[in-house]
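Here is how names work: the chains are called A, B, and so on, in the same order as the sequence lines, proteins then strands, and each is numbered from 1. If you're wondering where the values come from, they're calculated on a predicted model, not measured in any experiment.
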Amino acid sequence: MTRYILHRLIASIPVIFLVTLIAFSIMQLVPGDPAAVIAGANATQEEVELVRQQLGLNEPFLVRLMQWYGSLLQGDLGQSILLQRSVTSAIIERIPVTLSLTAYAMVLTVTFGVAAGVVAAVYRGSWVDQACMASALLGVSLPNFWLALILIFAFAVGLGWFPTGGYVPFSEDPAGWLKALTLPAFTLGFLQMGLLARITRSSMLEVLNQDYVRTARAKGLPSWQIINRHALRNVVVPVVTVIGIITSHMVSGSVVIETVFSLPGIGRLVIQGILRRDYPVIQGGLLVTAVAFVLINLIVDVLYSRLDPRIRLAARA
Amino acid sequence: MLGFTIVAFMTLVAILAGWLITQDPLRIQMRYRFQPPFSGQFWLGTDHLGRDLYSRLVMGARVSLRIGFWVMIVSGVLGTIIGACAGYFRAFDGIIMRCMDALMAFPSIMLAIAIAAALGPSDLNVVLALSAIYVPTTARIVRASVLVVREMSYVEAAVSAGVKPFIVLLRHVLPNSFAPLIVQLSFIFAYAVLAEAVLSFLGVGTPPPTPSWGNIIADGRSYIREAPWITLIPGIAVTLTVLALNLLGDALRDVLDPRLKDRADA
């Protein structure tokens, strides 16, 4: 097991190196003088020069890259131009928000998605089955920011059940935290529920056709016990894989959802950085989320191989 | 069939947009602001500047679909070139695919926003930013099918007959590797229409005053209490179009790759 994890970690090093390179180089895409763009249209020559000095833009690209790597190794992502503070601490401060949002959304997705998938498989062709199909299709077709606006309009502005946006830390007010995150988490989760339900349904159907299920039925086990004891366990492997994909979708979706609901998470930090051309924030934020992405995939693969020994053996062979 | 009908309808609307509009979509008439739908000359009402929403929606279809179309073409062509090289000339495989993995490691929408913002707001830059995030997907798909096709005996026959590698790739390998790519491209069209809406909504996509579905929704957002239709209607247009493109993709997959259908139905 340790060997497998180590092997996977080493394999992700080149990818992470390229990720850092891309995150840093995006700044080079800016046409013209980046310092002038950052300083703004009304900036004087001195102000532009100051920005250039601050960002070290006088140095050649390779020198800047090396300096960036140097401080990166010490965990320093640089100073934000607009926040006037270190990017590392700004990001660390925002991790709990993004983590709460995606975790909450994940709980909703897994609870409703797996339950709906099982029901859809057991009662094929029922309304639950058809609803799963429809919501899977809607999940890939609805614009997430639009769904968010509609939900805000209906449940926050109209019915007044939830706040229209903003965040309350869990440590201050757990009920307020739950209220503030329910709409964003539901938006984020709803779009993925259908996908999870579809996968659960199809792997459940496959399992229900297996011989051991027939044996269990033949020896007179009640249906719920067959599903619980024999079927669900074997559905776990494909479901975990999809949960990995869903996590990536959620991290990506949270960028937009945090912006619409004014949640002070990492996604919103990066979007604000991008819109205001705060380069250290863009580079740091992109890097941190991409590394998180690579790690999530790694964790999923490891989980996957723990759950299904056949994969571990194949990797060793 | 439903998917195809809606896509065909939207495409027609986009092409004929110039003739279908009833008013200049950019014309500001402050005394007619916030007219609700079905009010006299404004079929779908007006926005906060009194611009005709129906005409803006129709012109927006042109912008959104044009961008989606070009993203599909650019990511299809680049993905084919990159994927074919990686799959056929094995020496490049490692480095090319690691680069694609790295691009895929970013949350796609975040990367697109960063590229679009860095390049500056214009339709072309939106196409470039969105293509950058979909190229890895198309490249992977082409590579995977090239890897299968290059082991076929007719390829071996061509190679042993002395045909140059590049010609083998172009004439024998690629044409037989296209089916999964075509299916994927219709999904990319769908994703790109969605992603364009997100970029325009956040202000890094189609620059106003040119209407795109995303920036109409962004305009409507501040007035959702007094004029919800400005937000609602373009969102429905995006959803319907993307839904139809997804259905079309599913239908194409059933025709071109029947094995997957069996699996989805199981």
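Side-chain contact check for A:Ile274 versus B:Leu202: every heavy-atom pair is 4.5 Å or farther apart.
Taking CZ from B:Phe106 and CG from A:Leu287, the interatomic distance works out to 7.5 Å, rounded to the nearest 0.5 Å. The line from CG of A:Leu18 to CZ of B:Arg98 is 9.0 Å long, rounded to the nearest 0.5 Å. Atoms CG and CD1, from B:Leu103 and A:Ile22 in turn, are 4.0 Å apart once rounded to the nearest 0.5 Å. With rounding to the nearest 0.5 angstrom, the OG atom of A:Ser248 is 10.0 Å from the CE atom of B:Met104. Rounding to the nearest 0.5 Å places CG of B:Asn246 at 4.0 Å from OG of A:Ser141. Here A:Trp146 contributes atom CH2 and B:Leu194 contributes atom CG; the two are 11.5 Å apart, rounded to the nearest 0.5 Å.
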From CA spacing to verdict: side-chain contact (heavy atoms from CB on, under 4.5 Å), B:Leu247, A:Leu137: CA-CA 8 Å; B:Leu247 286 173; A:Leu137 204 55; 3.5 Å; yes
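The candidate from B:Thr241, B:Ile236, B:Leu111 with the greatest count of non-hydrogen atom pairs under 4.5 Å with chain A is B:Ile236. Residue with the most contacts toward chain A among B:Val198, B:Asp250, B:Val238: B:Val198 (heavy-atom pairs, distance under 4.5 Å). Note: B:Gly235 leads B:Cys99, B:Ala117, B:Gly235, B:Ala244 in heavy-atom pairs under 4.5 Å with chain A. Listed options A:Gly273, A:Ser252, A:Ala23 were ranked by heavy-atom pairs under 4.5 angstrom with chain B; first place goes to A:Ser252.
By the neighbour-count criterion of 12 heavy atoms within 6.0 Å, atom OH of A:Tyr123 is sparsely surrounded, having that number or fewer from other residues, nucleotides or ligands. Open room surrounds CZ on B:Phe92; 12 or fewer heavy atoms of other groups in view lie less than 6.0 Å from it. Residue B:Trp70 places its CH2 atom among 12 or fewer non-hydrogen atoms of other residues, nucleotides or ligands, all under 6.0 Å distant.
Proximity to chain A is absent for every atom of B:Ala190, based on heavy atoms less than 4.5 angstrom apart. Residue contact with chain A, scored on non-hydrogen atoms closer than 4.5 Å, involves the backbone and the side chain of B:Asp101 alike. Heavy atoms of A:Val140 lying under 4.5 Å from chain B belong to its backbone as well as its side chain. Using a 4.5 Å cut-off between heavy atoms, A:Val255 touches chain B through its side chain atoms alone. Interface remark: A:Val260 contributes backbone and side-chain atoms alike to the contact with chain B (heavy atom separation under 4.5 Å). Of the two parts of A:Ile152, neither the backbone nor the side chain holds a non-hydrogen atom closer than 4.5 Å to a non-hydrogen atom of chain B. Only the side chain of B:Val204 comes within contact range of chain A, with at least one heavy atom under 4.5 Å from a heavy atom of that chain. Contacts of A:Asn144 with chain B are made by side-chain atoms alone, with heavy-atom separations under 4.5 Å and no backbone atom involved. Only the side chain of A:Val256 has a heavy atom closer than 4.5 Å to any heavy atom of chain B. The part of A:Ile271 that comes within reach of chain B is its side chain, from C-beta onward, which places non-hydrogen atoms under 4.5 angstrom from that chain. Contacts between B:Leu240 and chain A at a heavy-atom distance below 4.5 Å are absent for every atom of the residue.
The nearest pair of heavy atoms linking B:Ala114 to A:Leu286 is CB-CD1, 4.2 Å. Between A:Val294 and B:Ala105 the shortest heavy-atom distance is CG2-CB, 3.8 Å. Across all their heavy atoms, B:Pro107 and A:Val251 have their closest contact at CG-CG1, 4.3 Å.
A side chain to side chain contact (heavy atoms under 4.5 Å, CB included) with A:Pro143 holds for exactly one of B:Thr239, B:Val193, B:Ile217; it is B:Thr239.
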